[in-house]
K.L.:
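Take a look at this one; I'll ask things after.
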Number of protein chains: 2
Amino acid sequence: MEQKIMYSDTQCAKNIDAVEDALYVLGGKWKLRIVIALISGHNRFNELQRIIKGISARVLSNELKQLELNGLAKRVVQADKTPVVVEYVPTEYAETLKDVVAALADWGQKHKKKITSHE
Amino acid sequence: MEQKIMYSDTQCAKNIDAVEDALYVLGGKWKLRIVIALISGHNRFNELQRIIKGISARVLSNELKQLELNGLAKRVVQADKTPVVVEYVPTEYAETLKDVVAALADWGQKHKKKITSHE
DNA sequence: ATTACTACTAACCTTTAGTTTACTACTAAT
DNA sequence: ATTAGTAGTAAACTAAAGGTTAGTAGTAAT
C-alpha cells in the first residue's frame, strides 16, 4: 500500500520505545551534564555545583538521588575524615553511557558551528 | 593539586556545553521521538500522532514548528491534491542525527534488558 | 568573633510542559 | 443525512520541573 516507508513500522516503534527507556533515566535538563561531570572526575557536591553552571543545590541533590536509584552514581561517605567527606562516584554502568555522551556532544558541537557560521 | 582528574576541566566543560547545545534542539519528551518517526517515513500529521503514542495534537503541532525552525523538518503542502495533503519531511540535516538516535536507542534497549532481568 | 566552606534540606514560588475538550472547514465514504 | 478522516487551533487547565531564599550543623581559618 505504502511505498516510501524506509524502515518498518515495528522498527520505528522499537526505536521510539528504546529512546523512551533511555530518556526515562537520562531525560531532563541536568542528568547528562551531571554524568559528564562525574565521569570527568568531579565527585564532590559543591565541586559539581561549581562546574555545572546554573544548577541549584536542591536540583543537584534530587538528581544525584535519581542517578543513584538508576545505578549510575554511588554516594560514598568517608566518615573517617573530618569534616566528613561525601563523594559521588560514577558506577561502572555509567561508563556505558560514554557512547551516548560522545554522540550527543559531537552533534551539539557541529550544530553550534552550523548555527554560528552561516546563519 | 588534584590527582584523580581523568579528563581536564576544560574538556569536561566543553562536553557539558556541547550536550547543552544539542539538548536545546533535541531536549524534551517528544523531539527525538518525532525525529525517529519522520526518518522512518511517517510524514503526515495524523500518522505521526498515531505512531507516537500519547502525544496530543497541540504538542505535536508545536514540536513540529520547532523542529522546522531548527532545520530538522520541512512542512510541505501538496496543494494540488484534494483534500490538501500536508507532509512533514525530515531534512538532510536531520539525517545527521542518526548516530545520536542509534546511540540512545542502543543504550535504552540494553538498559531495559538490564532492569527487566536481574532486578 | 566573624567569615567561609561543607553538604545539604525546607518552604515557597514561577515557569514550562503537557492534557483535555471543544471546535473549524473541508472531503469522502455509507 | 450521518459518520469519519484530514490538519490543525483556542482556551482553560493540571502537573512536573526547576528556581529562590533561607537555614542547618559542623569545621577551620583570620
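Residue numbers begin at 1 in each chain, while the letters A, B, ... track the order of the sequences. As a basis for the values below, the full set of heavy atoms in this structure was taken, side chains included, without hydrogen atoms, waters or symmetry mates. Fair warning: this is a prediction, and the values are worked out from it, not measured in the lab.
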K.L.:
Does B/H42 have its ring centroid less than 6.0 Å away from the ring centroid of B/Y88?
P.N.:
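No - the distance between ring centres of B/H42 and B/Y88 does not fall below the 6.0 Å cut-off.
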K.L.:
First and last nucleotide of DNA chain C touching chain B, 5' to 3', heavy-atom cut-off 4.0 Å?
P.N.:
C/dG18 to C/dA28
K.L.:
Can you tell me how far P of D/dA7 sits from CG of B/L64, to the nearest Å?
P.N.:
11 Å
K.L.:
Would you kindly give the NZ-to-C1' distance between B/K29 and D/dA16, to the nearest whole Å?
P.N.:
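Rounded to whole Å, this separation is 10 Å.
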K.L.:
Which part of the nucleic acid, if any, lies within reach of A/E63 when heavy atoms closer than 4.0 Å are counted: base, sugar-phosphate only, or nothing?
P.N.:
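Counting heavy atoms under 4.0 Å across all strands, the contact made by A/E63 is with sugar-phosphate only.
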K.L.:
Does a donor on one side chain sit under 3.5 Å from an acceptor on the other, for A/Y93 and B/H111?
P.N.:
yes
K.L.:
Sequence neighbours excluded, which residues qualify as side-chain contact (heavy atoms from CB on, under 4.5 Å) partners of B/A57?
P.N.:
B/F45, B/Q49
K.L.:
Atom CG of B/L48 and atom P of D/dA7: how far apart are they, to the nearest Å?
P.N.:
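So the CG-P distance, B/L48 to D/dA7, works out to 9 Å.
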K.L.:
Could you check how far CG of A/D80 sits from P of D/dT27, rounded to whole Å?
P.N.:
15 Å
K.L.:
Enumerate the side-chain hydrogen bond (donor to acceptor under 3.5 Å, both in side chains) contacts for residues 52-65 of chain B, please, sequence neighbours excluded, ordered by first and then second residue.
P.N.:
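For residues 52-65 of chain B: none.
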K.L.:
Rounded to whole angstroms, how far apart are CD on B/Q49 and P on D/dG8?
P.N.:
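From B/Q49 CD to D/dG8 P: 11 Å.
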K.L.:
Quick one: list whatever passes ring pair (Phe, Tyr, Trp, His ring centres under 6.0 Å) with B/W30, sequence neighbours left out.
P.N.:
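With neighbours one apart ignored, the set is empty.
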K.L.:
If hydrophobic residues (ILVMFWY) are linked whenever their side-chain heavy atoms come closer than 4.5 Å, directly or via other members, who joins A/V89 in its cluster?
P.N.:
A/V76
K.L.:
Quick test of your reading: applying salt bridge (charged side-chain N to carboxylate O under 4.0 Å, His left out), list the pairs with at least one residue in residues 15-25 of chain A, sequence neighbours left out, ordered by first then second residue.
P.N.:
A/E20-B/R33, A/D21-B/K112
K.L.:
Starting at CH2 of A/W30 and ending at C1' of D/dA16, how long is that distance when rounded to a whole Å?
P.N.:
16 Å
K.L.:
In whole angstrom, give the distance that lies between atom CG of A/N46 and atom P of D/dA28.
P.N.:
16 Å
K.L.:
Mind checking side chain to side chain donor-acceptor pair (under 3.5 Å) for A/T96 and listing every partner two or more places apart, or none if nothing turns up?
P.N.:
B/W107
K.L.:
Side chains of residues 67-74 of chain B: which donor-acceptor pairs under 3.5 Å do they make with residues two or more places apart or in other chains?
P.N.:
{"unit_1": "B/E68", "atom_1": "OE2", "unit_2": "B/R75", "atom_2": "N", "d": "3.3"}
{"unit_1": "B/N70", "atom_1": "ND2", "unit_2": "B/Q66", "atom_2": "O", "d": "3.1"}

K.L.:
When we call it a touch if two heavy atoms are under 4.0 Å apart, what does A/K65 touch: a base, just sugar-phosphate, or nothing?
P.N.:
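Sugar-phosphate: the residue A/K65, judged by heavy atoms under 4.0 Å, touches backbone atoms but no base.
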K.L.:
Just the rounded figure in Å: distance from P of D/dG19 to CD1 of A/I52.
P.N.:
12 Å
K.L.:
Do any side-chain nitrogens or oxygens of B/Y88 fall under 4.0 Å of OP1 or OP2 in D/dG8?
P.N.:
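Answer is yes, contact under 4.0 Å.
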K.L.:
Could you list by number each residue of residues 54-61 of chain B showing a heavy-atom separation from DNA chain C of less than 4.0 Å, or answer none if no residue does?
P.N.:
B/G54, B/S56, B/R58, B/V59
